[in-house]
Amino acid sequence: MPSARFFGGGDQANYVRYLKGTPVNTLLDGHVRAGKPIGGTSAGLAILGAYSYGAMDGGSLLSADAMPNPLGPGVTLVRDFLHMPFLTEVITDSHFGIRERWGRLIIFVGRLATEEKNAGITGIGIDEKAALCVEADGRGRVYSIGRGFAWLVRPMRAPDAVEARPFNFRNVPVVGIGEEGAIDLKTFAVTRPAFALRVNIVNGAFDEASLAALKAAAATPAGAASGVKGGWALAIHGGAGVIERGDLTPAKEAAYRAGLNAALAAGREVLAKGGSSLDAVEATIRVLEDDPLFNAGRGAVFTAEGRNELDASIMDGATLKAGAVAGVTRTRNPISLARAVMEKSPHVMLARDGADQFSVEQGLPQVSPDYFRTEERWQQLLDWRRDHAAELDRTHSRGTVGAVAVDVNGHVAAGTSTGGMTGKRWGRIGDSPVIGAGTYAADGTCAVSATGSGEYFIRTSAARQVCDRIAWHGEAVQSAASATIANIGEIGGDGGVIAMDGTGHIAFAMNSSGMYRGWVTSSVPAATAIYSNEPGP
Ligand code: ASP
């Protein structure tokens with residue numbers, strides 16, 4: 001039975017003064033190297049990381065004093081005291097939410113990242129009623145009596161200017177790990193985060209929205225990452241547009257619903273087996289690309305010159321990695337090419353001939369350009385040529401496809417694929433392959449795929465806007481999606497979005513008369529809808 005060492009609370013300055021660099025320090029390092037347990041609370045927790053706040057001036061620094069001046073005399077940082085595995089880039093802090101230490105930890109991280117020239121410096125704050133227990137292999141779980149989290153601050157960059165006054169540090173990610181979640185301290189990957197925020201220090205203080213978001217996060221009920229309670233969820237769309245009841249024959253409507261159901265089944269197959277949201281999004285979209293009814297892959301609309309030029313994108317909410325292709329002409333499944341760009345190239349977006357060439361190099365299935373052609377889409381082009389040669393065709397644009405999903409590990413992903421709009425020309429690229437416009441995903445916040453008059457979705461950063469409304473303003477996913485569509489409507493755009501928050505709540509919003517859509521979750525059976533007034537999940 002290995003003996004354990006545990007540091008109690010008090011004044012960490014005493015630990016630093018009386019132990020650092022002494023034979024006891026050597027003994028403690030040896031204890032840890034031998035794989036024996038060690039822990040601490042309060043001041044004893046504050047000294048566990050490779051970096052610590054030493055409170056060397058006798059004070060207990062307040063966030064409000066640290067934030068205006070990271071280089072101030074109260075920010076007493078200590079290095080080279082204890083040497084724990086997994087904490088070599090970490091500074092820990094305690095009594096976290098209750099004493100509002102969010103600001104000071106971000107300051108510690110920002111200053112250390114600058115001074116150490118190490119963007120990987122990471123802060124971990126532990127709430128008063130919580131403990132983070134780390135196994136020998138780096139897997140960490142949070143245990144809490146009541147409501148408590150471990151707060152991860154890992155910006156992966158230093159502030160622009162730590163010496164600047166007033167001090168600013170914007171867009172700092174803060175991720176909460178509750179009892180339902182886990183963190184791998186080898187990689188700092190968090191599964192099933194309780195919340196994920198981006199906060200701003202502006203002029204030496206949190207801006208109002210950041211402070212509100214932090215307070216709301218601190219009040220997150222324990223286990224809140226469980227919108228799908230250990231489960232998964234998938235939502236899809238097959239394009240928005242003018243789709244009135246009576247426009248579709250019963251046979252055509254049944255065919256659309258069957259197409260949506262086949263796509264849901266493909267995604268369900270992945271998610272129900274514990275597969276990733278990324279795999280589910282790709283599998284779902286491939287089915288819709290192969291279905292000639294939808295304007296993506298086979299069945300894509302035609303450009304003014306009578307070609308099919310395909311756009312697609314995919315984003316992984318766990319890593320914020322993304323891949324996109326625009327104007328490709330020979331890849332059978334553009335969504336898989338977008339994924340290859342994300343995973344196999346150093347880039348996010350490839351276009352036209354270069355993207356076609358990359359696809360061949362990656363060995364993705366190639367088809368002749370006629371593979372994408374359907375007679376119905378060709379007729380739509382001829383109609384467009386007769387009637388609206390001066391503008392993009394809005395009425396026939398529908399049929400873009402997209403999917404958003406959360407998996408059993410709480411990771412979200414989103415993807416979108418399209419032929420664009422009938423009559424597009426001059427190499428026009430719409431919103432679908434533009435990350436932040438047609439597609440966006442961020443763990444703990446949301447995943448979005450859009451469809452509609454792409455120019456307007458680009459101008460409003462539609463997909464990212466939905467996510468930011470949730471992350472920065474704490475809006476519920478449905479109101480974030482609806483407000484974004486209202487925004488698009490105000491400048492003359494039309495279409496819809498599907499969105500899912502980090503806990504699997506699904507939202508559909510549209511300002512057109514219809515959007516082909518569907519959903520399935522670990523607890524709700526597959527369902528589809530077409531007209532705007534049909535009920536949702
Ligand atoms: N958003 C797509 C584009 O503008 C078209 C659509 O969704 O219908 O290319």
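Only this structure's heavy atoms are used, side chains among them; waters, hydrogens and symmetry mates stay out. Whatever order the structure lists them in is the order used to number ligands and atoms, beginning at 1. Residues: numbered from 1 along the sequence shown. Since we're looking at a predicted model, the values are computed, not measured.
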Which of the numbered atoms in ligand 1 are under 4.0 angstrom from any heavy atom belonging to Ser432? 1 (N), 2 (C)
Atoms of ligand 1, numbered as shown, that sit under 4.0 Å from any heavy atom of Asp431: 1 (N), 2 (C), 3 (C), 4 (O)
Where does the angle between the aromatic ring planes of Phe149 and Phe195 fall among parallel (under 30°), tilted (30 to 60°) and perpendicular (over 60°)? perpendicular
Distance filter under 4.0 Å to Gly420 heavy atoms, resulting ligand 1 atoms: 5 (C), 9 (O)
Short side-chain donor-acceptor distance under 3.5 Å, Thr400 and Thr418: yes
Between the side chains of His237 and Ser449, is a donor N or O closer than 3.5 angstrom to an acceptor N or O? yes
For the residue pair Arg373 and Trp378, would you count it as a cation-pi contact if the rule is NZ or CZ under 6.0 angstrom from the ring centre and within 45 degrees of the ring axis? yes
Which atoms of ligand 1 have any heavy atom of Thr451 under 4.0 Å away? 6 (C), 7 (O), 8 (O)
Strictly under 4.0 Å, does any heavy atom of Arg428 approach an atom of ligand 1? yes
Going by the order shown, which atoms of ligand 1 are within less than 4.0 Å of some heavy atom of Gly452? 1 (N), 2 (C), 3 (C), 4 (O), 5 (C), 6 (C), 7 (O), 8 (O)
Any idea which atoms of ligand 1 are less than 4.0 Å away from a heavy-atom of Thr400? 2 (C), 5 (C), 6 (C), 7 (O), 8 (O)
May I ask you to decide if the ring planes of Trp519 and Phe508 are parallel, tilted or perpendicular, using 30° and 60° as cut-offs? tilted
Is there a nitrogen or oxygen of Ala450 sitting under 3.5 Å from a nitrogen or oxygen of ligand 1? no
Should the pair Arg298 and Tyr371 be classed as cation-pi, given the thresholds of under 6.0 Å to the six-membered ring centre and 45° from the axis? yes
